[in-house]
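The sequence lines fix the lettering, A, B, ..., with proteins before strands; numbering per chain opens at 1.
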Protein chains: 2
Amino acid sequence: MNKFKQIFHDLKLKIQNKEYENGTYLPSENELAKQYQTSRETIRKALNLLLEHGYIQKIRGKGSIVISPKQFNFPVSGLTSYQELVASQHLTSQTTVLSNNLIKTIDTIKKHSELTSPNGLRYIKRQRWLDGSPVIIDHDYFHPDIIPEIPNEVAEQSIYEYLENSLGLAISYATKTITVEAATQDDVTYLGHQDYVVVVRSDVYLEDTQLFQYTESRHTIDKFKFVDFARRRHN
Amino acid sequence: MNKFKQIFHDLKLKIQNKEYENGTYLPSENELAKQYQTSRETIRKALNLLLEHGYIQKIRGKGSIVISPKQFNFPVSGLTSYQELVASQHLTSQTTVLSNNLIKTIDTIKKHSELTSPNGLRYIKRQRWLDGSPVIIDHDYFHPDIIPEIPNEVAEQSIYEYLENSLGLAISYATKTITVEAATQDDVTYLGHQDYVVVVRSDVYLEDTQLFQYTESRHTIDKFKFVDFARRRHN
DNA sequence: TAGTGGTCTAGACCACTTT
DNA sequence: AAGTGGTCTAGACCACTAT
């Protein structure tokens, strides 16, 4: 692994383990460069990762101060899969696969996504359970030239893990929207009676900028919570 | 201004003006270093900003490809004020100040925020109008030692502009949550009949890590849309 | 004045893609 | 083999904070 990522991980662990306590300063960049036997610019790359992830705040002329005591409960922020969320939050979860088949491109997708294909799309519909209640309906549409098929056992576990590790795909970025909409008949069927649902729509791209997936994730409003850490941009 | 920010702005403009078209490659980093008479590392800092903002995608061995045709409609993402949003989206908007006074810390804040002060808090309540309809109720709480008072004329315009330019405060980062909750009687009074509202809660911090503001922003669900650009983290 | 983080440089080596 | 982006270095100068 890269040196600056190693240092980032090491410092992150030390912060989480309270070796560097909240409100105190890290050693200076020059000091860290000595400690890790590296150059200052490399230290700065590691500190930038800590900064972006909300672990430290840098103050010019003073130093880098630890600011992150809190665990984020439910970070839909960033590009994280449902399975990774569940794992990081130690939740007990179940997934029921409702559909897994090839479909023709349907008009409802076109309203929200650029994803199309002459050969149709692979469609997977899943119901997510938390603590015995259904809380999310996921509709996933994949480009069939990139993802020919997805076994049901994979759909019940982590599709992203399968795509990245088994198929070797490099998932890179996504554009997403969050809105609140009236529940459809289908939502009610699989989530129980709801007036409204939170809808998270994502177009997901590979490293080579190919659009390969569109996802519509429909949440019950009572279990939905989006948590974010944001920095003010001064550009 | 810094060289790398200048270059970032310049490239961003050229992308927006289609001088570098969507799907095409930027000149290589070495080429750009020559063009801008600078070092490659400085070019790379500028390109990193483009990357974070979703303007380009870098592909190893190939180059940096332009990926951003779309304008983001309503980026609540990042740390942007309502006024800046309105300006960037060319919306016509009005603000009504409903309250602007000093209050004792109330328990409802403590549930959601760390913000406290022995001298009470400055409280501002505002109603936001878009195209003739009330769409947001903002409840802002400020630490009075940092922000002694805010004129009503300022509250009707941009408080952030006032804090940053007139008071010289450096707003740095925030933690925020988004949930959907049952509308209160107060919401109905100022937003019209609603069953539910989208609630955005933020703790806002200064550069020196002082918590100085807690905001509760209550949106009508029909006008709420959160748009985000997210990169997958491989740490 | 000394220490801190912010910027910038010129060069090096590497992994990857293309020809 | 040549070109690309990814990493790393050793040093420089600056703006800011503290004493």
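Nearest to the side-chain atoms of B/S39 among the listed nucleotides D/dG5, C/dA10, D/dT9 stands C/dA10. Here D/dT9 is the nucleotide among C/dG6, D/dT7, D/dT9 with the atom lying nearest to any side-chain atom of A/K3.
In this view, B/K58 and B/E29 satisfy the salt bridge (charged side-chain N to carboxylate O under 4.0 Å, His left out) rule, not counting sequence neighbours. When the salt bridge (charged side-chain N to carboxylate O under 4.0 Å, His left out) test is applied to B/D208, no partner is found at least two apart in sequence or on another chain. Residues passing the salt bridge (charged side-chain N to carboxylate O under 4.0 Å, His left out) test with A/K125, sequence neighbours excluded: A/D186. Every residue was checked against the side chain to side chain donor-acceptor pair (under 3.5 Å) condition with A/T116, not counting sequence neighbours, and none meets it. Residues that satisfy the ring-ring contact (aromatic ring centres under 6.0 Å, His included) test with A/Y141, not counting sequence neighbours, are A/Y123, A/Y214.
A straight line from CZ of A/R44 to C1' of D/dT7 spans 16 Å, rounded to a whole angstrom. Atom CD in B/Q57 sits about 13 Å away from atom P in D/dG5, given to the nearest Å. Atoms CG (A/N2) and P (D/dG5) sit 18 Å apart, rounded to a whole Å. Atom CD of B/Q6 is separated from atom P of C/dT7 by 13 Å (rounded to the nearest Å). When the P atom of C/dG5 is taken as reference, atom CG of A/L51 falls 12 Å away, rounded to whole Å. For B/D208 and D/dA18, the CG to P distance is 10 Å, given to the nearest whole Å. When rounded to the nearest whole Å, the span between CD1 of A/I56 and C1' of C/dG6 equals 14 Å. For A/I7 and D/dT7, the CD1 to P distance is 13 Å, given to the nearest whole Å.
The shortest distance between the side-chain N/O atoms of A/T42 and the OP1/OP2 oxygens of D/dT9 is below 4.0 Å. Look at B/T38 and you'll find a side-chain N or O under 4.0 angstrom from OP1 or OP2 of C/dT9.
For residues 59-68 of chain B, no residue pair satisfies the salt bridge (Lys or Arg N to Asp or Glu O under 4.0 Å) rule, not counting sequence neighbours. Pairs passing the salt bridge (Lys or Arg N to Asp or Glu O under 4.0 Å) check and including a residue from residues 139-149 of chain B, sequence neighbours excluded, read B/R126-B/D140.
Ranked by how close their nearest DNA chain D nucleotide is to the 5' end, B/G63 and B/E41 are led by B/G63.
No more than 12 heavy atoms of other residues, nucleotides or ligands lie within 6.0 Å of NZ in A/K34, so this atom counts as exposed by the packing criterion.
Of the residues in residues 25-33 of chain B, not one comes within less than 4.0 Å of DNA chain C through any heavy atom.
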What does nucleotides 12-19 of chain C look like as a protein-contact string, B for base, S for sugar-phosphate only, - for none, at under 4.0 angstrom between heavy atoms?
-> B---BSS-
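A donor-acceptor contact closer than 3.5 angstrom links the side chains of B/Y160 and B/Q213.
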